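These figures come from a predicted structure and were not determined experimentally. Each ligand, and each atom within it, is numbered from 1 in the order the structure gives.
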Amino acid sequence: MNSADIQIGTCFDLTVERPALGGDVIGTAPDGRIVFLRGAAPGDVVSAKVTAVKKKFLRAEVLQVTPGPDRSEPFCSSFGECGGCPWQSIPQETQRHAIDNTISRSILRLAQPDVEVAPTWFDDRSDWRSTTRLRWNGAQVGYFASGSHRLVDIEICPILAPPLPRMLSTVRRELIGVDGQGTVRLTAEHGEDSGTVSIELESVESYQDTSKALRRLVLEPEVHGATLRCLGRPTVSMGEPTNRLGSEQVPHPATAFVQAHQTGSRALVIDVMDHLKGARHVLELYAGSGNFTFALAGRDVRVTAVEVDKAAIGRMKREASSRKLEHLVTPVSAPAHKAPPGEYDSVLLDPPRAGAKEALPMIHRTGANRIVYVSCDPATLARDLRWLVENGWGIAYVRAYDLFPHSGHAEAVAVCRR
Ligand SMILES: C[S@@+](CC[C@H](N)C(=O)[O-])C[C@H]1O[C@@H](n2cnc3c(N)ncnc32)[C@H](O)[C@@H]1O
């Protein structure tokens, strides 16, 4: 079969070779092009049907799998349908090896072969996820199917940490039948039997009915607080809509960013603190509710913490005041690239997947001689490190964190010095 014979809908067999970060696995088409697929493991022989044709690669769906010798049995009954956890059939050791390899290769590409790449951090707990974002359409609550906006109804999600499975059942009972749609976020309070629900409603017409459902939800013992947001309507909060999370027990509003892997989040904080030893004034960008901020301030380090989410900054201000740390913590409600100037010796940043491209020139202009970069996307991390290397920075340390097992995604910490 040559390239001209391969079109959308063409079928062929191939052997899966390796995982690709992002959740795919990779094989080779009969014409030599790379093929990206989902739902199979290295060593599996699959019948594949082409779904996208590009000059250098193809995408295909798996029609049938002849299992290879190294395949894991998927643990979830929605595997193959639901878009979450596409690496379930890949043994966790192979998953970590793929993360290690990708991170090391992208650093080597930056011509810094002498960088210390520490082994990937991992934890074997299977119900690791302490926060989850579901989709609700009035008739179903679930996750999107892979690469589509088709909703897969989810009653049980085995990776959810307690009490999220119970919260999911309660939310399903109260929301299915209410004629609305949006996203529903569930977050577990660390070490407690309850958590928060946050709904982003997309249909103004169902605002009243959804508020009523929320009122019923907070009467349940496993829901200690809830927030409803809807464009054009006032935000409603009920009960105690925050969770105390992370190593510093920082209050996170139900609507704000929270690390999904709480054990991993604590390991990350320790690693970051270690690499900021000796710092006196840190510019912290993408600070969230203060997961790193209060760990630094607790070590007597001044922190200027920049974050766009106003609810997160509001809680951070109150927390700084109640911990009597206002002399050390300066919360700033602004986009990262508009951080205030200051006498910083170090910069800590933890951007979303899009990375920190916009903020890099500002970071470079500060007098800081050390950058600690926490990333949830190795591709944008590599892009941003390249910019830093081209502008005179050296990479001193890199470590990947397997914070999203079975998803094909990974967190990483990189340390740069001027
Ligand atoms: C990955 S989270 C990290 C939060 C925090 N460091 C933690 O560990 O919980 C990224 C944070 O960046 C914030 N954010 C997104 N875009 C931003 C921007 N342009 N400027 C500042 N903060 C931003 C988000 O609201 C979110 O809180």
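The distance from atom CD of Gln95 to atom CD of Gln92, rounded to the nearest 0.5 Å, is 5.5 Å.
In summary, of the residues considered (Glu319, Glu284, Glu248), a side chain to side chain donor-acceptor pair (under 3.5 Å) with Thr293 occurs for Glu284 alone.
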Which protein N or O atoms sit under 3.5 Å from any N or O of ligand 1? Give each pair with its distance.
{"residue": "ligand 1", "atom": "6 (N)", "partner": "Tyr286", "partner atom": "O", "Å": "3.1"}
{"residue": "ligand 1", "atom": "6 (N)", "partner": "Asp350", "partner atom": "OD2", "Å": "2.9"}
{"residue": "ligand 1", "atom": "8 (O)", "partner": "Asn291", "partner atom": "ND2", "Å": "3.2"}
{"residue": "ligand 1", "atom": "8 (O)", "partner": "Asp350", "partner atom": "OD2", "Å": "3.2"}
{"residue": "ligand 1", "atom": "20 (N)", "partner": "Ala336", "partner atom": "N", "Å": "2.8"}
{"residue": "ligand 1", "atom": "22 (N)", "partner": "Val308", "partner atom": "N", "Å": "3.4"}
{"residue": "ligand 1", "atom": "25 (O)", "partner": "Glu307", "partner atom": "OE2", "Å": "2.6"}
{"residue": "ligand 1", "atom": "27 (O)", "partner": "Glu307", "partner atom": "OE1", "Å": "2.8"}
{"residue": "ligand 1", "atom": "27 (O)", "partner": "Glu307", "partner atom": "OE2", "Å": "3.3"}

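Note on residues 208-217: pairs passing side chain to side chain donor-acceptor pair (under 3.5 Å), not counting sequence neighbours, are Glu174-Arg216.
In this view, Arg383 and Lys357, Thr380 satisfy the side-chain contact (heavy atoms from CB on, under 4.5 Å) rule, not counting sequence neighbours. In this structure Ile176 satisfies the side-chain contact (heavy atoms from CB on, under 4.5 Å) test together with Val141, Arg172, sequence neighbours excluded.
Note on Arg125 versus Asp402: no salt bridge recorded, every NZ/NE/NH1/NH2 to OD/OE distance being 4.0 Å or above.
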